[in-house]
Engineer: 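Quick one: structure below, then a few questions.
Letters go in sequence order (proteins before strands), and every chain restarts at 1.
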Amino acid sequence: MTLAPADRQEPRDGSGPDAAGPGEDFVRRLKEYEGRQAGPPTTGRDPVNAPMIRHWCEAMGDAHPAYQGPDAIAPPTMLQAWTMGGLAGHPERGAVARDELFALLDGAGCTSVVATDCEQEYPRALRPGDEITFETVIESVSARKRTRLGAGHFVTTRTEIRVDGEPAGTHRFRVLKYAPDLKASAPEAPAPTPTPDPAPAAPRRPRPVINRDNAGFWAGVAAHRLLIQRCTACGTLRLPWLPGCDGCGSPEWDTVEASGEGVVHSYVVMHHPPFPAFDPPYAVALVELAEGVRMAGNVTGARYDEVRVGTAVRLEFLRVDEELELPFFRALPDRGATRGATRGATGGATGLPMAAGTELPPLAIPVTRTLIVAGALASRDYQDVHHDPELARRRGSPDVFMNILTTNGLVGRYITDRFGDRAVLRSVAIRLGAPNHPGDTLVLSGTVVSLADGTAEVRITGTNALGLHVTGTVTVALPDTETSG
Amino acid sequence: MNPARSRSWNRNRMNRGGGLGGRAAVVGIGATEFSKDSGRSELALAAEAVRAALDDAGLSPADVDGLVTFTMDTSPEIAVARATGIGELSFFSRIHYGGGAACATVQQAAPAVAAGVAEVVVCYRAFNERSGRRFGSGVRQREPSAEGAALGWNMPFGLLTPASWAAMTARRYLSVHGLTPEAFGPVAVTGRRHAARNPAAYFYRRPITLADHAASRWIAEPLRLLDCCQETDGGQALVVTSLERARELPHPPAVIVAAAQGAGRSQEQMTGFHRADLTGLPETAVVARQLWRASGLAPGDIDVGIVYDHFTPYVLMQLEEYGFCGRGEASDFVAADALPLNTHGGQLGEAYLHGMNGVAEAVRQIRGTSVNQVPGAARALVTAGTGVPTSGLILGADG
């Protein structure tokens with residue numbers, strides 16, 4: 001986090017505009033910044049250089065050979081680090097739109113900042129000696145949102161990074177500028193655990209509608225069994241559950257457990273309107289189970305545009321939030337009647353047979369105070385909340401927490417660890433949830449979503465003791481991987 | 001119960017549908033303007049439409065003793081009666097299942113006037129469906145009633161909008177018949193062509209091409225924006241009375257030749273994913289069977305079709321269920337203009353009034369006053385919302 005000057009940290013009392021909340025006029029003023037250049041085109045403080053690369057790799061524990069030796073490239077996840085002003089900032093820049101916007105938000109009591117999203121693409125590698133230039137546009141400023149940290153506004157920027165005029169990376173970044181909710185953590189009294197979650201409460205899927213007629217089905221789902229009703233009078237199977245048979249009218253029934261095999265009978269790709277907890281476009285399939293009944297569900301192991309009528313699927317159960325597990329249907333690549341894009345490959349480092357649906361072995365990373373501070377410094381992020389526990393507490397956090405650039409670097413390391421020495425990151429998009437505080441353990445895990453033409457798309461999640469720290473998607477190029485079937 | 005015997009009993013029961021044919025007529029039609037923001041209450045829209053329909057019929061509120069609307073309507077019969085000076089009511093009824101109720105309002109008014117239960121019945125539907133509660137914005141939760149639970153089998157997976165439910169059926173239809181989503185284009189183009197000539201239509205003077213359809217953005221694949229009907233604020237009312245009384249009124253009566261409701265086996269509301277064949281509309285088949293049998297007519301006898309068009313694929317499937325063409329052939333049938341279709345512009349082009357504006361257009365065709373008049377039109381088929389329990393009408397010229 002680079003965006004808030006380090007000297008603005010005195011929390012306001014409750015009488016400021018943050019207490020009542022700024023009105024529509026204020027939001028209109030904020031919206032005027034949308035589409036504006038955040039500042040003038042800027043040159044990186046330093047050329048891409050081997051010492052900073054080495055510090056980064058040491059902090060992240062990243063031993064990828066591509067980042068070492070005479071032909072080293074910079075870890076792609078360092079992209080933002082090359083744009084950072086460091087402790088001194090970018091001295092040649094005058095007052096710029098982003099500073100004005102942040103001052104406006106500071107004036108409304110939104111004095112704290114936390115990064116929530118980082119989406120990067122890496123069209124070309126950066127090498128020692130490259131001089132980067134970059135330009136940033138303010139894409140959007142949200143209306144006032146309530147979050148667990150306090151009320152504030154999300155600011156999204158997009159930065160284009162170039163070398164010799166050629167595109168070298170894009171970097172979309174979203175921060176929450178918020179008025180810290182300090183009721184539970186006055187400066188003298190550090191907040192008790194549990195800690196606040198720096199991201200807004202995660203939206204949840206609509207709940208199943210459970211009543212006395214279908215409670216048995218959802219109890220079955222909780223036990224990882226998909227139960228089909230069977231009429232004991234005529235033997236007709238039925239799903240959805242009903243208290244009587246559509247074939248013979250009998251109210252008597254028992255259940256049979258679905259084998260889990262099925263075929264996509266029809267499907268929809270949802271684009272509009274967007275709903276919380278869903279990320280369009282997404283596919284919803286109507287699966288005809290081997291038993292002959294049908295059920296709607298989401299498909300794993302295939303991209304939304306790879307689902308077809310006839311795709312063979314197998315039932316699985318996935319947890320979608322702390323309260324809800326749902327049946328999902330995993331596409332079976334070898335038996336898909338019309339699927340074309342997904343092929344198998346062998347992961348270089350692990351020797352795993354890789355295919356859409358492969359789950360990568362997890363990686364556990366102890367979150368030490370040293371890692372948090374080393375990661376912040378290697379990414380040239382001098383925000384107080386990443387190194388100064390006392391100032392972190394004044395902003396409503398019980399202790400320092402890991403910055404988003406470090407999480408980004410660790411996600412990149414996890415993927416190249418798992419895919420081997422020749423793997424090259426193409427894009428990393430992450431969203432942060434529960435913070436990483438000292439003493440915790442971050443466990444990264446991933447699932448291959450697609451594998452085609454030497455490129456894998458991997459969904460990653462990272463959990464800690466507080467819950468979900470990070471979710472995201474990584475694409476990684478795999479030159480010369482073996483492909484089969 | 002023996003299933004075969006049960007089916008044959010059902011067939012006999014359906015044969016009774018012919019009883020009301022020709023004894024009642026639609027004698028008045030009235031609507032508000034069709035807009036995206038009416039600026040007034042749903043009750044005000046309903047009352048305005050009812051007054052306009054009575055004016056058109058040459059009747060006064062005091063003549064009315066029956067009101068019929070949709071269960072989804074927020075303006076109760078008694079509120080409309082109070083707001084229009086109708087006074088006492090001897091017949092009032094509401095039909096469930098969204099747009100599937102459209103023709104059923106007339107289907108229930110007709111026997112009421114034929115049997116003398118009421119003398120003059122007004123059917124109405126009014127809503128601020130665009131500026132108020134938009135159906136297209138989808139659902140997030142439902143009560144644990146039987147109706148709510150039925151939708152609950154799909155909601156957790158992100159099937160939350162009418163378009164998403166229709167799209168599941170549409171995809172199966174395309175897949176089975178080897179078609180692409182462009183097959184839906186002729187329905188959209190036809191509706192907008194007619195709307196372009198209709199000053200009451202929202203899309204007046206704004207026709208589209210097949211290329212426009214194919215370039216419009218995805219909503220719920222395989223449905224594009226131009227496959228989905230509008231969302232509208234407005235009201236529409238219809239006046240039904242006996243044929244004898246109709247003959248004394250200013251306009252030529254639109255005789256109710258046949259009217260029917262239908263729900264299919266394993267029927268659901270929009271999420272009928274569990275019936276044997278997703279490529280047809282069993283509820284429409286039930287209605288079609290009754291209408292043809294009661295009227296003694298066949299598809300070739302129909303001069304104009306007002307086919308409910310909330311989503312274009314359902315127009316194709318209805319034309320096939322009514323027997324205008326073979327399975328999988330309806331897109332070519334529409335493209336060839338083989339039947340004058342949705343001459344008001346449909347709900348794609350004129351307005352989304354839950355099908356009630358379609359009944360009004362059929363009345364205009366029988367009167368000879370449509371902006372896209374089919375010369376000498378004597379028999380009009382009108383259908384109602386599909387994917388849900390539905391209804392249909394055949395209206396005809398007197399004599």
Engineer: Working note: B/Leu159 + B/Phe273, criterion side-chain contact (heavy atoms from CB on, under 4.5 Å); need CA distance, chi angles, decisive distance, verdict.
Structural biologist: CA-CA 12 Å; B/Leu159 287 178; B/Phe273 305 151; 3.9 Å; yes
Engineer: If we ignore hydrogens and angles and just use 3.5 Å, is the side chain of A/Asn214 paired with the main-chain N or O of A/Trp241 as donor and acceptor?
Structural biologist: no
Engineer: If you measure from CG on B/Leu179 to CG on B/Leu174, what distance do you get to the nearest 0.5 Å?
Structural biologist: 6.0 Å
Engineer: For A/Pro327, is it the side chain, the backbone, both, or neither that has a heavy atom closer than 4.5 Å to a heavy atom of chain B?
Structural biologist: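 For A/Pro327, heavy atoms of backbone and side chain both lie under 4.5 Å from chain B.
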Engineer: Report which part of B/Thr271 has an atom under 4.5 Å of a heavy atom belonging to chain A: side chain, backbone, both, or neither.
Structural biologist: neither
Engineer: So which part of A/Leu326 gets closer than 4.5 Å to some heavy atom of chain B, the side chain, the backbone, both or neither?
Structural biologist: side chain
Engineer: Can you measure from CZ (A/Phe329) to OG1 (A/Thr300) and round to the nearest 0.5 angstrom?
Structural biologist: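 It comes to 10.0 Å.
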Engineer: Quick check on A/Asp213 against chain B: is it the side chain, the backbone, both or neither that has a heavy atom closer than 4.5 Å?
Structural biologist: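 A/Asp213 has no heavy atom closer than 4.5 Å to chain B.
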Engineer: In terms of heavy-atom pairs under 4.5 Å, which option from A/Val268, A/Leu242, A/Asn211 contacts chain B the most?
Structural biologist: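 When all of A/Val268, A/Leu242, A/Asn211 are compared, A/Val268 has the most.
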Engineer: Identify which of B/Ser175, B/Gly158, B/Ala220, B/Ala170 forms the greatest number of heavy-atom pairs closer than 4.5 Å to chain A.
Structural biologist: B/Gly158
Engineer: Would you check if there is a donor-acceptor pair between the side chains of B/Glu147 and B/Ser145 at a distance under 3.5 Å?
Structural biologist: no
Engineer: Please classify the contact between A/Ala285 and chain B as side chain, backbone, both or neither, with a heavy-atom cut-off of under 4.5 Å.
Structural biologist: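 When you check distances to chain B, only backbone atoms of A/Ala285 fall under 4.5 Å.
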Engineer: If you count heavy-atom pairs under 4.5 Å between each of B/Leu160, B/Ile219, B/Thr169 and chain A, which one has the most?
Structural biologist: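 Option with the top pair count is B/Ile219.
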Engineer: Applying side-chain contact (heavy atoms from CB on, under 4.5 Å) to B/Gln267 and B/Tyr97, what does each step give before you reach the verdict?
Structural biologist: CA-CA 11 Å; B/Gln267 181 75 50; B/Tyr97 307 117; over 6 Å; no
Engineer: Side chain, backbone, both or neither: which part of B/Arg134 has a heavy atom under 4.5 Å from chain A?
Structural biologist: neither
Engineer: Select, from B/Gly152, B/Pro156, B/Ala149, B/Pro144, the one with the greatest count of heavy-atom pairs under 4.5 Å involving chain A.
Structural biologist: B/Pro156
Engineer: Answer yes or no: is there a donor N or O on one side and an acceptor on the other, between the side chain of A/Glu325 and the main chain of A/Val320, under 3.5 Å?
Structural biologist: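 Absent.
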Engineer: Looking just at side-chain N and O atoms, do A/Ser445 and A/Thr461 make a donor-acceptor pair shorter than 3.5 Å?
Structural biologist: yes
Engineer: Where does A/Arg207 contact chain B at under 4.5 Å (heavy atoms): side chain, backbone, both or neither?
Structural biologist: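 For A/Arg207, the backbone is the part near chain B, not the side chain.
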Engineer: For A/Tyr267, which atoms come within 4.5 Å of any heavy atom of chain B: side chain, backbone, both, or neither?
Structural biologist: both
Engineer: Only pairs of heavy atoms separated by less than 4.5 Å count here; which of B/Arg142, B/Arg217, B/Arg171 has the most with chain A?
Structural biologist: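 Of B/Arg142, B/Arg217, B/Arg171, B/Arg171 has the most heavy-atom pairs under 4.5 Å with chain A.
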Engineer: With chain B, which of A/His265, A/Arg238, A/Arg212, A/Met295 has the greatest number of heavy-atom pairs at distances under 4.5 Å?
Structural biologist: A/His265
Engineer: So what's closer than 4.5 Å to chain B heavy atoms on A/Phe328: side chain, backbone, both or neither?
Structural biologist: neither
Engineer: With chain B, which of A/Leu324, A/Asp246, A/Val293 has the greatest number of heavy-atom pairs at distances under 4.5 Å?
Structural biologist: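 Ranked by contacts with chain B, first place is A/Asp246.
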Engineer: Can you tell me how far CZ of A/Arg174 sits from OG1 of A/Thr116, rounded to the nearest 0.5 angstrom?
Structural biologist: 5.5 Å
Engineer: B/Ala276 versus chain A, heavy atoms under 4.5 Å apart: side chain, backbone, both or neither?
Structural biologist: backbone
Engineer: For the CZ atom of A/Arg172 and the CZ atom of A/Arg158, what is their distance to the nearest 0.5 Å?
Structural biologist: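 Answer for the CZ-CZ pair, A/Arg172 versus A/Arg158, is 5.0 Å.
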Engineer: Among A/Gly292, A/Pro276, A/Pro281, A/Cys234, which residue forms the greatest number of heavy-atom pairs with chain B at distances under 4.5 Å?
Structural biologist: A/Pro276
Engineer: After noting the C-alpha distance and the side-chain angles of B/His310 and B/Gln347, does the key distance pass the side-chain hydrogen bond (donor to acceptor under 3.5 Å, both in side chains) rule?
Structural biologist: CA-CA 6 Å; B/His310 44 352; B/Gln347 304 190 92; 5.8 Å; no
